[in-house]
Amino acid sequence: MTANVAVETTPEAPLWNDPTQDIGTRVSALIDAMTLEEKIAQLYGVWVGASDEGGEVAPHQHDMEEAVDLGALLPAGLGQLTRPFGTAPVDPALGALSLARTQARIAAANRFGIPALAHEECLAGFATWGATAYPVPLSWGATFDPGLVREMAAAIGRDMRSVGVHQGLAPVLDVVRDLRWGRVEETIGEDPYLVGSIGTAYVRGLQSAGVVATLKHFAGYSASRAGRNLAPVAMGPRERADVLLPPFEMAVREGGAGSVMHAYTDTDGIPSAADEELLTGLLRDTWGFDGTVVADYFGIAFLRILHGIAGDWAEAAGTALRAGVDVELPTVKTFGAPLAEAVAAGRVPEPLVDRALRRVLTQKARLGLLDAGWNPVPATLDGADLDDPDALRGTVDLDSPANRELARTVAEEAVVLLANDGTLPLDRPRRIALVGPNGGEPTAVLGCYSFPQHVGVHHPQTPPGIDLPTLHDALRREFPGAEIDVVRGTGVDDGDVSGLAEAVEAARRADVVVAALGDRAGLFGRGTSGEGCDAESLALPGAQQHLLDALLDSGTPVVAVLLSGRPYALGRAADEAAAIVQSFFPGMEGTPALAGVLSGRTNPSGRLPVSVPRGPGGQPATYLGARLAQAGDVSNVDPTAAFAFGHGLSYTSFHWDDLAVDRPEADTAGEFSLALTVRNTGERHGTEVVQLYLHDPVASVVQPVQRLVGYTRLPLAPGETRRLRVTVPADLASFTGRDGRRVVEPGELHLRLAASSADVRLTATVTLTGPARHVDHTRRFHARFDQEPGGQDG
């Protein structure tokens with residue numbers, strides 16, 4: 001293969017190949033020239049794996065699907081290539097060459113020279129061998145830092161685009177409703193504003209690099225009954241509208257997301273893949289979304305297999321197409337021959353095919369895939385000798401020093417210090433007992449959609465391709481003068497208590513115990529966290545609570561370090577541990593980040609994106625509960641969290657005062673203006689996270705006691721004071737009223753300036769006046785925070 005593999009053109013090149021023409025005109029001309037078979041071919045993908053020898057991709061055999069004859073499909077064209085990099089370990093350069101060869105073949109095989117769109121997972125970094133493994137989305141939420149998340153996403157996108165990938169299957173915008181759900185690690189948190197603001201930042205970053213972001217799972221997947229994966233969803237339209245949909249609204253309107261993936265679940269008996277009101281009426285007609293809706297893997301077939309609303313594959317295809325699904329993933333099943341036969345027989349109108357096709361081709365045109373002169377060779381192979389694959393091996397770096405530095409920064413900002421009696425930071429300990437199943441486990445920092453945990457586990461003979469220092473490794477570097485005893489104590493979930501005595505003995509010999517506890521990420525029961533790894537309770541998995549209790553009884557101060565995908569109830573440790581440090585699968589730089597917090601090299605600034613429960617039961621419960629969801633005398637179950645949403649400690653202290661309300665009244669179309677002073681009263685630099693919660697004392701429908709409507713990170717030097725001005729639009733008080741429309745009602749509001757949902761520092765009582773006002777998706781989503789210098793205290 002030579003570098004010159006561009007699609008050949010002539011002076012009479014067809015209109016659709018002319019990049020100077022309007023995209024709509026180009027796409028219309030192309031649709032008019034296509035046969036039904038060629039049209040449908042653009043509406044499905046084929047699951048492939050790149051060749052580690054640089055040859056063409058090979059179809060991936062999945063146990064849910066029959067083998068695909070790629071040669072037979074290609075003359076009609078092909079819409080997508082599914083995970084060419086993320087299916088098996090492959091050297092990035094040879095994977096890029098393999099993809100380029102395949103794209104050249106696809107373009108050459110069909111009459112119009114149309115290549116496929118290649119997509120990959122990118123939930124915690126580009127999910128391919130040798131690429132940087134970043135923290136999981138729950139850690140993004142813990143940063144409360146949209147700017148940093150956008151920077152991370154841009155780096156991920158650049159790596160993907162550099163090897164020929166066009167679409168990323170992230171971010172997950174599901175709002176956590178039940179902490180037992182295995183996919184909590186993939187979410188950004190339990191608050192819709194936090195999820196929306198962080199998720200939109202990720203969309204902007206990924207798409208700034210030329211990679212289409214895919215919002216998932218639309219909508220309601222996280223609200224499944226009992227926290228079980230792919231279970232039915234029981235919720236009313238108001239919960240859907242006010243809790244689950246706002247992050248998608250924000251990412252579509254403000255982020256300009258290019259794709260949406262439907263959810264697997266049904267809500268009140270209607271599967272998302274068959275929900276025309278959701279996928280067309282709301283998403284497109286109301287919100288104005290103009291991208292593609294793609295199927296979650298096998299989701300269209302599930303309309304027949306799991307949901308039982310389609311009698312055959314053709315009916316499943318027609319139902320999804322009519323609802324608004326444009327592309328079948330991961331491979332062809334219902335959108336192939338069954339759809340073609342149904343259209344030919346008049347069971348499915350051809351205009352529905354054309355509607356989806358227009359969206360697919362418009363996206364390809366925007367990506368440059370229809371342009372004359374399109375070249376399948378990605379930027380990373382420019383100038384390389386493509387006829388010598390062996391020389392290419394090892395030449396593409398998807399784990400650059402800049403990537404790792406960025407991964408470290410995200411991991412550091414995401415560490416949450418939950419409790420501390422003064423033991424942290426550690427002051428040159430002589431002897432540390434590192435006890436627990438995650439102290440010496442390299443993969444303890446990785447989520448289920450990281451390549452090593454998602455794919456690498458099936459290839460044990462292949463090294464992970466990235467450096468994964470254990471917590472033991474990181475502590476040795478951080479405390480070179482300390483003697484570190486490493487004792488496993490018990491496994492993550494094996495229930496083995498035979499090692500507890502050894503663990504207690506090590507604890508008694510030490511100055512401090514670092515208890516490394518938490519999860520093992522996996523898929524469908526292979527882990528304690530991850531897709532299909534749902535929990536019956538929120539007790540620590542296995543015998544870890546027994547281990548923790550034994551360590552607490554040793555008499556040595558215990559610092560509990562959680563490497564997990566969800567929060568867990570910690571029993572006695574919530575009150576008795578010397579310190580508790582929470583890290584949600586922090587990625588490949590996570591253990592150095594944790595060690596830096598333990599030593600004090602890093603001052604923690606992470607805040608909880610989900611509440612940490614006091615007890616292992618009582619789910620589902622989030623901080624967004626209404627008054628009836630709070631503790632009371634009518635139930636013996638107290639849902640009050642041990643550590644509340646938004647909570648996080650620092651090694652310095654902050655004082656908030658001087659609240660001023662410039663305008664205590666505003667009409668329902670106006671805004672309020674507040675100001676407060678925040679001062680670092682400690683002896684070291686730190687970052688306070690100022691959170692704004694809204695409490696509506698009287699509303700026409702039941703409201704949560706409070707909800708987050710804004711936040712900002714405020715870095716301050718010792719003694720530094722800042723005046724912070726907050727502008728709060730009345731739109732932020734909107735909710736779905738009795739008539740199903742979003743409304744801003746007049747009346748009194750409490751604007752709570754807080755360090756967490758349970759730590760309110762200042763409260764402004766304000767009043768909305770005038771008539772009730774209806775708003776829609778064009779409403780204002782954000783409060784504005786402006787920093788003003790406040791001077792230095794002597």
Side-chain angles (χ1 to χ4, degrees), residues 119 121-124 135-144 146 149-150 152-153 156-157 167-178 181-207 211-224 229 233 235 239-265 267 272-273 275 278-279 282-284 286-289 291-296 299 447 449 531 565 584 609-610 622 624 645 707-708 777 781-782:
H119 76 259
E121 299 284 359
C122 56
L123 194 66
V136 299
L138 203 56
S139 274
W140 311 349
T143 69
F144 277 68
V149 171
R150 180 174 181 169
M152 176 195 69
I156 294 169
Q167 182 171 359
L169 302 188
V172 169
L173 297 184
D174 295 299
V175 178
V176 174
R177 304 300 285 160
D178 191 326
W181 191 47
R183 303 189 79 167
V184 166
E185 65 174 72
E186 299 180 44
T187 74
I188 296 167
E190 68 182 42
D191 178 86
Y193 181 74
L194 180 67
V195 173
S197 54
I198 296 288
T200 298
Y202 183 92
V203 169
R204 287 170 166 167
L206 196 71
Q207 295 195 162
V211 174
V212 175
T214 307
L215 312 181
K216 58 187 195 182
H217 306 85
F218 193 63
Y221 188 29
S222 60
S224 59
N229 191 48
V233 171
M235 66 176 169
E239 180 182 353
R240 189 188 220 188
D242 287 353
V243 178
L244 297 177
L245 292 179
F248 292 93
E249 279 184 280
M250 197 181 299
V252 167
R253 182 184 164 211
E254 297 188 341
S259 190
V260 169
M261 176 180 280
H262 75 72
Y264 281 135
T265 44
T267 301
S272 293
D275 194 341
L278 177 72
L279 300 183
L282 179 67
L283 179 63
R284 295 191 183 279
T286 300
W287 293 354
F289 175 72
T292 57
V293 173
V294 302
D296 203 345
Y449 268 78
E531 186 173 357
F584 297 109
V610 285
T622 79
L624 287 174
F645 173 86
R707 54 188 172 89
L708 184 73
H777 63 286
F781 286 111
H782 306 283

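Computed from a predicted structure; not experimentally measured.
Sorted by first then second residue, the salt bridge (charged side-chain N to carboxylate O under 4.0 Å, His left out) pairs that include residues 181-202, not counting sequence neighbours, are Arg183-Glu186, Arg183-Glu531. Legend: salt bridge (charged side-chain N to carboxylate O under 4.0 Å, His left out) pairs involving residues 240-258, not counting sequence neighbours, sorted by first then second residue: Arg240-Asp275, Asp242-Arg742, Glu249-Arg779.
Between the side chain of Gln207 and the main chain of Ala213, a donor-acceptor pair closer than 3.5 Å is present.
What you find for Leu123 and Trp140 is that their closest heavy atoms are O-CZ2, 3.0 Å. Shown here for Met235 and Ala223, the closest heavy-atom pair between the two residues is SD-CB, 4.3 Å. The nearest pair of heavy atoms linking Thr622 to Val176 is CG2-O, 3.7 Å. What you find for Tyr193 and Leu708 is that their closest heavy atoms are CB-O, 3.5 Å. Contact between Ala251 and Val203 at its shortest, heavy atoms only, is CB-CG2, 4.3 Å. Between Ser272 and Ala263, the shortest heavy-atom contact is CB-O, 3.4 Å.
Among residues two or more places apart in sequence or in another chain, the ring pair (Phe, Tyr, Trp, His ring centres under 6.0 Å) test is passed with His217 by Tyr221. Arg150 is linked by a side chain to side chain donor-acceptor pair (under 3.5 Å) to nothing, counting only residues two or more places apart in sequence or in another chain. Legend: residues meeting side chain to side chain donor-acceptor pair (under 3.5 Å) with Glu239, ordered by chain and number and at least two apart, are Arg177. In this structure His119 satisfies the side chain to side chain donor-acceptor pair (under 3.5 Å) test together with Gln80, Tyr297, sequence neighbours excluded.
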Before you tell me yes or no, could you show the steps for Tyr202 and Cys122 under side-chain contact (heavy atoms from CB on, under 4.5 Å), namely the whole-Å CA-CA distance, both residues' side-chain angles and the distance that decides it to 0.1 Å? CA-CA 11 Å; Tyr202 183 92; Cys122 56; 3.3 Å; yes

Derivation and outcome, side-chain contact (heavy atoms from CB on, under 4.5 Å), residues Thr200 and Phe781: CA-CA 12 Å; Thr200 298; Phe781 286 111; over 6 Å; no

List the steps and the verdict of side-chain contact (heavy atoms from CB on, under 4.5 Å) for Phe144 and Ile198. CA-CA 8 Å; Phe144 277 68; Ile198 296 288; 5.8 Å; no

Go through Leu282 and Leu245 one step at a time and tell me if the side-chain contact (heavy atoms from CB on, under 4.5 Å) criterion holds. CA-CA 10 Å; Leu282 179 67; Leu245 292 179; 3.6 Å; yes

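In this structure the side chain of Ser259 never reaches within 4.5 angstrom of the side chain of Leu215, judged on heavy atoms. By the 4.5 Å heavy-atom criterion applied to side chains, Phe218 and Leu173 are not counted as neighbours. Side-chain contact between Leu206 and Pro171 is absent, with no heavy-atom pair separated by less than 4.5 Å. In this structure the side chain of Asp178 never reaches within 4.5 angstrom of the side chain of Ser224, judged on heavy atoms. Val252 has its side chain out of reach of His777: every pair of non-hydrogen atoms, C-beta onward, lies at least 4.5 Å apart. Between Lys216 and Asp296 the shortest side-chain heavy-atom distance does not fall below 4.5 Å.
When the options Val243, Leu194, Thr187 are evaluated for a side chain to side chain contact (heavy atoms under 4.5 Å, CB included) with Val175, the one that passes is Val243.
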